[in-house]
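Please read these numbers as outputs of a predicted model, since none were measured by experiment. Letters A, B, ... are given to chains in the order of the sequence lines, protein chains preceding strands, and every chain is numbered from 1.
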Amino acid sequence: AQSVTQPDIHITVSEGASLELRCNYSYGATPYLFWYVQSPGQGLQLLLKYFSGDTLVQGIKGFEAEFKRSQSSFNLRKPSVHWSDAAEYFCAVGTSSNDGNKLVFGAGTILRVKS
Amino acid sequence: NAGVTQTPKFQVLKTGQSMTLQCAQDMNHEYMSWYRQDPGMGLRLIHYSVGAGITDQGEVPNGYNVSRSTTEDFPLRLLSAAPSQTSVYFCASRRQGINEKLFFGSGTQLSVL
């Protein structure tokens, strides 16, 4: 079964600094990978997804992520963080098998932004 | 432009009580699902449905029942609430296909005393 690890529970960055949130997955075949963001008291919103093609994917709000098969990683990046980016970020993996309907989420990384 | 609507937003139950969390979507999505969110554990799938009349278990189905009589509605029933079911519950829907975007409701915060 697939699994997702987000090693960092909390990350604090200064406004304007660059950001990288780590995500490692475990799955034997090519996964479908997602990053979602959750603002306080809200549901989750899709930032970006990867399922084939170019391994560097662009998302909303200036975020991007790179799929590295050799490292089983799908890290999320942003060159310059804004205060409004403070939220919790979830990496998720799905498959194209019969269990493809079971999207598995990581435990999340809480991003704090210092002014 | 309602999207996914969950009710209620907050609920407090006593151990042993039953209740139903409601979820409705107006996007004609085939796939609907329920997740629970607990600190440090991310979101865990409870049950999901790929169409009216079809449901299946997720990662943590025990203590919960679902049904899907219409495309729009996917209620989650707690038959006999337990303190371990204290959590935030999210309903989500999407078109068929694992690469499709999931649309989430705003959540139900449930406390079981």
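- Ile11(A) and Val4(A) fall within the same hydrophobic cluster, defined by Ile, Leu, Val, Met, Phe, Trp and Tyr side-chain heavy atoms under 4.5 Å apart, directly or through other members.
- Using a 4.5 Å heavy-atom threshold, the side chains of Leu43(B) and Leu44(A) count as touching.
- The shortest non-hydrogen separation linking Leu103(A) to Tyr35(B) is O-OH, 3.2 Å.
- The heavy-atom pair separating Ala107(A) from Gly40(B) by the smallest distance is CB-O, 3.3 Å.
- In this structure, chain A has no heavy atom under 4.5 Å from any part of Gln6(B).
- At a heavy-atom separation below 4.5 angstrom, chain A is approached by Lys101(B), Leu102(B), Phe104(B), Gly105(B), Ser106(B) within residues 101-113 of chain B.
- Contact annotation: the side chain of Phe51(A) never approaches that of Glu100(B) to less than 4.5 Å [non-hydrogen atoms, C-beta and beyond].
- Shown here are the side-chain contact (heavy atoms from CB on, under 4.5 Å) partners of Ile9(A), two or more places apart in sequence or in another chain: there are none.
- Both Leu45(B) and Val50(B) are assigned to one and the same hydrophobic cluster, defined by single-linkage of ILVMFWY side chains at heavy-atom distances under 4.5 Å.
- Residues Phe10(B) and Leu21(B) fall into different hydrophobic clusters, defined by Ile, Leu, Val, Met, Phe, Trp and Tyr side chains chained together at heavy-atom separations under 4.5 Å.
- Under the 4.5 Å side-chain heavy-atom criterion for ILVMFWY residues, no single connected hydrophobic cluster contains both Tyr89(B) and Tyr48(B).
- Residue-environment remark: CZ (Arg77(B)) exceeds the threshold of 12 foreign heavy atoms within 6.0 Å.
- Here the CD atom belonging to Gln38(A) is positioned 4.5 Å from the CZ atom belonging to Phe90(B), to the nearest 0.5 angstrom.
- In terms of heavy-atom pairs under 4.5 angstrom with chain B, the leader among Tyr50(A), Phe34(A), Tyr36(A) is Tyr36(A).
- Leu13(B) and Val60(B) fall within the same hydrophobic cluster, defined by Ile, Leu, Val, Met, Phe, Trp and Tyr side-chain heavy atoms under 4.5 Å apart, directly or through other members.
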